[in-house]
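One structure is given here, and the rest of the page talks about it.
Quick caveat, the model's predicted, so the values are computed rather than measured. Only this structure's heavy atoms are used, side chains among them; waters, hydrogens and symmetry mates stay out. In each ligand, atom 1 is the first atom listed, and ligand 1 is the first ligand listed.
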Amino acid sequence: MTGAWTLGIESTAHTLSFGLVDSKGTPTPASSSTVRPDEGGIHPRQAADHHKDAAALLFDQLLKQNQLIHSDIGAVAYSQGPGLGPCLRVGAAIARGLSSRLEVPLIGVNHCVAHIEIGRQQCGCQDPILLYVSGGNTQVIAHLDGRYRVLGETLDIGIGNMLDKFARGQGIPFPGGPVIEKLASQWLAENTGASLDGLELPFAVRGMDLAFSGVMTAAQRLLDNGAELGAVCWSLQEHAFAACVEIAERALAHTGKNELLLGGGVACNNRLREMCTLMSEERGATSHAPPRMFCIDNGSMIALLGHIELNHGRTTTYEQSAVDQYLRTDQTPVTWAV
Ligand code: ATP
Ligand code: FE2
């Protein structure tokens, strides 16, 4: 008899993470390590080397913390895309190796769809509009005709990358998003009732799409003109989040759906969560956000989607197991009930 647990391996970008779900699809906390470059942005090959070096220890740690042994694992799932090629290839190689050694099925899954499914499971949503806000991705997604369709997305950089890049310009190391959140809320606490006068930034909405690089440059210009860092962090969050909330609201209106679900690392942000709740309440909808450990990249969500797809009869052969850097959310058929 093979084991009851599905292992999930996440390696799309900065984070290598191993996670598990049990035979009912219930996840346990993942075992993760994130590469933090000393300076500059992420270098894909450096991140891939980090993943290679960290893998054995993280996997052992995961088994230990769940008191499991190799034979408890009944399937191996991994992120097949989208992401950085060298990082994805490390995850896929580990997955192939484990699947072959443990003699259990292999299943390559879509990273973006995994964010959606862990959110639906954790929040008990039925058929939400997903606002997926991470480092590399910013998308508004809805389920329609057997696929998760992208209704709107960033035309340039992801919102998280924008926040990280702006922070890096101020000497704040990766990940900059949480630091910007802290600086913004500290500044607001000291300046209650502050207005955006003099702190205006360009509008990031382009129809149903978004563009963030102009917002980032304009925020930098505010600093160059003498504005306080905390004030600019606050304004940057207000403008960038309002743009995301606006296209999410339009997606709710167009589709007639009444649940909003947040996913991706930037969904850890309290101000974004608050803005989504306010907007949803105003239109008689509900807003949901999973626990933070399941918003950021994690192996548990990969294990969950692997578990769901295996239950619907899909496995990945070695011939089909190559990674796809540009895998789109709507390329994955949704064969399970939504
Ligand atoms: P993906 O492959 O889906 O693009 P990712 O590699 O960007 O994922 P995530 O863990 O989903 O990884 O997201 C990381 C991003 O989330 C970083 O840009 C980080 O700054 C941002 N982030 C994390 N916490 C917060 C926060 N509290 N406020 C704003 N941004 C945050
Ligand atoms: Fe992600």
(message) Once salt bridge (charged side-chain N to carboxylate O under 4.0 Å, His left out) is applied, what residue pairs with a partner in residues 207-227 remain, sequence neighbours excluded?
(response) none
(message) Among all protein heavy atoms in this structure, tell me which lies nearest to atom 12 (O) of ligand 1, with the distance rounded to 0.1 Å.
(response) Asp297 OD2, 3.1 Å
(message) Closer than 4.0 Å to some heavy atom of Gly160 - which atoms of ligand 1 meet that?
(response) 18 (O)
(message) List ligand 1 atoms under 4.0 Å from Ile296, heavy atoms only on the residue side.
(response) 10 (O)
(message) Ser213 and side chain to side chain donor-acceptor pair (under 3.5 Å): which single residue from Asn161, Asp156, Thr154 fits?
(response) Asp156
(request) Indicate whether any N or O donor in one side chain lies under 3.5 Å from an N or O acceptor in the other, for Glu282 and Ser280. (result) no
(message) Ignoring hydrogens and geometry beyond distance, is a side-chain donor-acceptor pair present between Glu117 and Trp336 at under 3.5 Å?
(response) yes
(request) May I ask you to list the atoms of ligand 1 that are less than 4.0 angstrom from any heavy atom of Ala13? (result) 6 (O)
(message) Under a 3.5 Å distance rule, please check whether Gln220 uses its side chain to pair with a backbone N or O of Val215 as donor and acceptor.
(response) no
(message) Distance under 4.0 Å to a non-hydrogen atom of Asn137: what atoms of ligand 1 satisfy this?
(response) 1 (P), 3 (O), 4 (O)
(request) Could you establish whether Pro178 and ligand 1 come within less than 4.0 Å of each other, counting only heavy atoms on the residue side? (result) yes
(request) Could you count the protein N, O or S atoms found under 2.8 Å away from the Fe ion (ligand 2)? (result) 3
(message) Do Gln331 and Tyr326 pair up side chain to side chain, a donor and an acceptor below 3.5 Å, judged on atom types alone?
(response) no
(message) If the cut-off is 4.0 Å to any non-hydrogen atom of Thr12, which atoms of ligand 1 fall inside it?
(response) 2 (O)
(request) In plain terms, say whether Arg147 and Asp330 are close enough for a salt bridge, that is, a side-chain N and a carboxylate O under 4.0 Å apart. (result) no
(request) Could you verify whether a donor N or O on one side chain and an acceptor N or O on the other, from Glu259 and Thr286, lie under 3.5 Å apart? (result) no
(request) Identify, for atom 3 (O) of ligand 1, the protein heavy atom at the shortest distance, and state residue, atom and that distance. (result) Tyr132 OH, 2.4 Å
(message) Taking Gly198's backbone N and O only, do any of them form a donor-acceptor pair with Glu200's side chain (distance below 3.5 Å, no angle check)?
(response) yes
(message) Less than 3.5 Å apart, any donor N or O on the side chain of Thr317 or Gln320 sitting next to an acceptor on the other?
(response) yes
(request) Answer yes if the ring centres of Phe59 and His70 are under 6.0 angstrom apart, and no otherwise. (result) yes
(request) Please answer whether the main-chain N or O of Gln80 pairs with a side-chain N or O of Asn110 as donor and acceptor at a distance below 3.5 Å. (result) no
(message) If the cut-off is 4.0 Å to any non-hydrogen atom of Cys268, which atoms of ligand 1 fall inside it?
(response) 24 (N), 27 (N)
(request) Examine the proximity of ligand 1 to Asp164 and report which part, side chain or backbone, both or neither, has a heavy atom under 4.0 Å away. (result) side chain
(request) For Gly136, take its heavy atoms, then give the atoms of ligand 1 lying under 4.0 Å from any of them. (result) 4 (O), 7 (O)
(request) List the closest protein heavy-atom neighbour of atom 21 (C) of ligand 1: residue, atom name, distance to the nearest 0.1 Å. (result) Val266 CG2, 3.8 Å
(request) Look at atom 27 (N) of ligand 1 and say which protein heavy atom is nearest, naming residue and atom and giving the distance to 0.1 Å. (result) Glu181 OE1, 2.8 Å
(request) Please say whether Gly265 places an N or O atom under 3.5 Å from an N or O atom belonging to ligand 1. (result) yes
(request) Assess the side chains of His111 and Asp297: does a donor N or O sit below 3.5 Å from an acceptor N or O? (result) yes
(request) Say whether Gly264, considering both its backbone and side-chain N or O atoms, lies within less than 3.5 Å of an N or O atom on ligand 1. (result) no
(request) Would you mind finding which of Gly135, Ser134, Gly263, Ser17 brings a heavy atom closest to atom 7 (O) of ligand 1? (result) Gly135
(request) Distance to 0.1 Å, residue and atom name: give those for the protein heavy atom nearest to atom 30 (N) of ligand 1. (result) Gly177 CA, 3.4 Å
(message) Let me confirm one number: the CD1-CG distance from Ile159 to Leu272, rounded to the nearest 0.5 Å.
(response) 7.0 Å
(message) So is His115 touching ligand 1 or not, going by heavy atoms under 4.0 Å?
(response) yes
(request) Can you sort out which atoms of ligand 1 are near Pro175, meaning under 4.0 Å from one of its heavy atoms? (result) 19 (C), 20 (O)
(message) Same cluster or not: Val113 versus Leu131, using hydrophobic residues (I, L, V, M, F, W, Y) connected whenever any side-chain heavy atoms lie under 4.5 Å apart?
(response) no
